[in-house]
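Please read all numbers here as calculations on a predicted model, not as lab measurements.
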Amino acid sequence: MTQDTQISGVAVPNPDQTGVPRSSAAPRFNARQRFLRVSTFLLRVVIHIFIWDISLMRIGMLRWLVRRSANQRWRRLARDFRKLAVELGGMQIKLGQFLSSRADVVPDVVRQELAGLQDEVPSAPASHVLQVIIEELGAPPSELFLRFEEEAVAAASLGQVHFATLHDGRDVAIKVQRPYIEQIIEVDLSAVSWVVRLIKNYPPLRRRADLEALLAEFSRVLTLELNYVEEGRNAATFRKNFVGVQGIYFPEPIMELTTRRVLVMERISGIKITDLRTLEAMGVSRVELAARLNNCYLKQFFIDGFFHADPHPGNLFVRVDPELPVNYSISSNGKGASSKPNGNGVLPDGRLFGDAEAHAVAPGRPFTLIFVDFGMVGALPPQTMDVVRSGVLGLATNDAERIVDALDRLNMILPGADRRPIVQATQIMLRHSYNRSMREMTSIDVEAIFEETKDIIYDLPFQIPQDLLYFGRALSMVAGLATEICPDINLFHELRPFAQMLLERERNGINWAERAQKELLDLGQLLFSLPRQMEAYYRSANRGEIQMRSDLSRLERGIRRVERSSDRLAGGMLATGLFLGGVQLRTRGFEKEANRAWMAAAAAIVWALWPRGEK
């Protein structure tokens, strides 16, 4: 059985890798029913998390029950979500793909339940596909293509893929949008919006994220993803950014046959990136594969500022290349390998920065990493990229101050928060994790870290800027996928040479005259505004309006803990008295009164142990 799979702008599973039959019946769409099912499930998850992972975790004597039952509870939720996602499709498929790729955070039981979600999406009937092609391209497939396969070879959350051959002999893959997809997305977003409105005022969430703004950003990108013309342009941009780069490939879009609902792309072949058994059998090094994935995204994030924001396993494939010398030069993304240093994360021989080191550690057979599905992309403005680079340099050099400064400049720290404990907590985290492999990090004493950082973790003075939503998503997915491919990968070790290259690039690119002009301009603005600020200060002082603010949050938390302990002690004493009183009543024959006393004792225990949130 061959593992090689034909792919294009969407994942194409092997037919024998999924036992779920493809549906040929016309889909039905009921907006009201769909809204109720999606919102009910999301609300169920929210209530589950609030009861088990927030409320019961605050009760010391019940924490063991929460932890012991975690795998079983989350497996049941994941199984129910998988059934719902396969049946409804749409946004649920994308959420499942995201969760299944987070090997660094999401429990294995959840990932195992969601791993095959991409391969279980049923396809739409051929009649719908033919109708869409005629509406969008103005002619039936028999006229547009030399050969067209009516049976879908893959189905995804928003579209499905059919193979075809152009009249010039080129093999292509055609992605066609699913029936009612725009209405489906609208209903799904309405359901999520409803749940967001319910939970957005929960204080820890309200202080750290504007959930409605994040949802608006997600909706905006999802709407762009429904426009296949934009996806084709994104693919062309990636090809331009990776011209001459060996070991990375982006398929070519056929723009003259691409419309808003139909995308035609070059047809290529590869092995799913998580099919590690097959890749190892063919001689591909897992170390090299994880490093190349990581290095490719370092270039996208910190040099290009344009990145693939949906790196789940269904969108990444590996093509095993012929055995060639290490410094092989093959056609890549439409052009030959570069012969001169270009300062963008690529070596003179066309390899990605860092690939040679990985090959030296664990040499394997040459391969090409192939990206597909370019509907969800992210872009970082130049100013944001500069700050993010600074944070990367701080992470690579174990500099907590620089990391916190970057977080602050990215508006990820709440206004007015004291930076000193944040720096201290960052130093503690670096001390426990710096220069460790992902496998070693799984053995970190989490309880010890929490004990050292409990005050800052309790405050959590962080927020999520909406413009970094997809950057954080892609970053976390890449880390999770690299961990799954090679648990021994040391991301700090991979980052250091890249950070050194960034430093040299920054140093060589400095325009000292421009920098001096900017500094003088900033200084002039400061001197110009200083007299007015001093005048306003003295006026306020003369009117007695100057106030001193002190951060008493830790003292207040201590007082509240004492109050809760006193309440629990009082409740425990009351429950004990009622219980003993009930025993006395029962021995004297007052059965009804004894039962009432015991019920009151139970109520007193519940009152004493009920978690009281911070105000």
Side-chain angles (χ1 to χ4, degrees), residues 8-13 20-42 81-98 117-138 140-141 148-162 173-196 215-216 218-232 258-264 310 314 373-376:
S8 73
V10 69
V12 180
V20 179
R22 298 292 184 184
S23 172
S24 59
R28 292 179 297 174
F29 178 69
N30 186 313
R32 181 182 179 85
Q33 182 181 15
R34 184 182 183 91
F35 177 86
L36 290 175
R37 293 191 64 185
V38 174
S39 58
T40 301
F41 182 84
L42 293 175
F81 175 78
R82 177 174 178 170
K83 293 177 182 177
L84 181 73
V86 170
E87 183 177 350
L88 298 183
M91 207 168 66
Q92 281 69 35
I93 298 293
K94 286 198 166 296
L95 179 58
Q97 293 167 348
F98 172 69
L117 191 57
Q118 175 70 35
D119 299 340
E120 298 181 26
V121 183
S123 59
S127 58
H128 165 78
V129 174
L130 298 176
Q131 180 182 353
V132 171
I133 291 178
I134 292 174
E135 290 177 356
E136 293 294 310
L137 298 179
F148 178 82
E149 298 181 10
E150 292 190 2
E151 183 178 355
V153 294
S157 55
L158 305 182
Q160 62 188 53
V161 174
H162 296 256
I174 307 167
K175 184 158 74 169
V176 182
Q177 279 188 8
R178 300 179 68 84
Y180 314 114
I181 189 62
E182 293 184 353
Q183 297 95 314
I184 286 173
I185 294 299
E186 183 180 356
V187 171
D188 289 353
L189 290 174
S190 298
V192 175
S193 177
W194 178 75
V195 175
V196 165
L215 180 60
F218 178 75
S219 303
R220 183 189 67 81
V221 175
L222 199 57
T223 301
L224 287 177
E225 197 171 353
L226 291 173
N227 186 348
Y228 285 167
V229 175
E230 287 296 324
E231 181 171 346
T258 295
T259 68
R260 190 178 63 86
R261 293 194 295 165
V262 175
L263 173 65
V264 181
D310 198 19
D373 197 347
F374 311 105
M376 187 179 293

- Looking at E182, R34, R37, which hits side chain to side chain contact (heavy atoms under 4.5 Å, CB included) with V187? R34

- Task: Check whether any side-chain heavy atom of L222 sits under 4.5 Å from a side-chain heavy atom of L226, and report yes or no.
- Result: no

- Nearest heavy atoms of V86 and P122, plus distance in Å: O-CD, 3.7 Å

- Message: Could you measure the distance from the CD1 atom of I133 to the NE2 atom of H128? Nearest 0.5 Å is fine.
- Response: 9.5 Å

- Task: Using side chain to side chain contact (heavy atoms under 4.5 Å, CB included) as the criterion, point out the one residue from L137, V176, T259 that pairs with V132.
- Result: V176

- Side-chain contact test, heavy atoms from C-beta onward, threshold under 4.5 Å: evaluate it for L130 versus P141 and give yes or no. yes

- Item | Test item: Q183 side-chain N/O and A31 main-chain N/O as donor-acceptor pair under 3.5 Å | no

- D188, V195, V196 screened by side chain to side chain contact (heavy atoms under 4.5 Å, CB included) with V192, the one that passes: V196

- Message: Working to the nearest 0.5 angstrom, can you tell me the gap between L158 CG and Q177 CD?
- Response: 7.0 Å

- Message: Rounded at 0.5 Å granularity, tell me how far CZ in F81 sits from CG in L42.
- Response: 8.0 Å

- Message: Taking atom CD as the centre, does E186 end up with more than 12 heavy-atom neighbours from other residues, nucleotides or ligands that are less than 6.0 angstrom away?
- Response: no

- Message: Just verifying a value: how many Å separate L88 CG and Q33 CD, rounded to the nearest 0.5 Å?
- Response: 8.5 Å

- Query: Quick one: are W194 and V38 in side-chain contact, heavy atoms under 4.5 Å?
  - Reply: no

- Message: I'd like to know if the side chain of E231 reaches the main chain of F374, judged simply by a donor and an acceptor atom lying under 3.5 Å from each other, with no hydrogens or angles considered.
- Response: yes

- In Å and rounded to the nearest 0.5 Å, what is the OG1 to CZ distance from T40 to F35? 8.5 Å

- Item | For V262 against Y228, the heavy-atom pair lying closest together | N-CD1, 3.5 Å

- In Å and rounded to the nearest 0.5 Å, what is the CD to CG distance from E225 to N227? 11.0 Å

- Message: If I compare all heavy atoms of R178 with all of S157, which pair ends up nearest, and what's the gap?
- Response: CD-O, 3.4 Å

- Note on the structure: In short, A152 meets Q160 closest at the heavy-atom pair CB-NE2, 3.7 Å

- Message: Donor-acceptor check, side chain of D310 to backbone of M376, threshold 3.5 angstrom: yes or no?
- Response: no

- Message: Given 3.5 Å as the limit, does a donor-acceptor pair link the side chain of R261 with the main chain of E136, or not?
- Response: no

- Residue pair S123 / A155: nearest heavy atoms and the distance that separates them: CA-CB, 3.9 Å

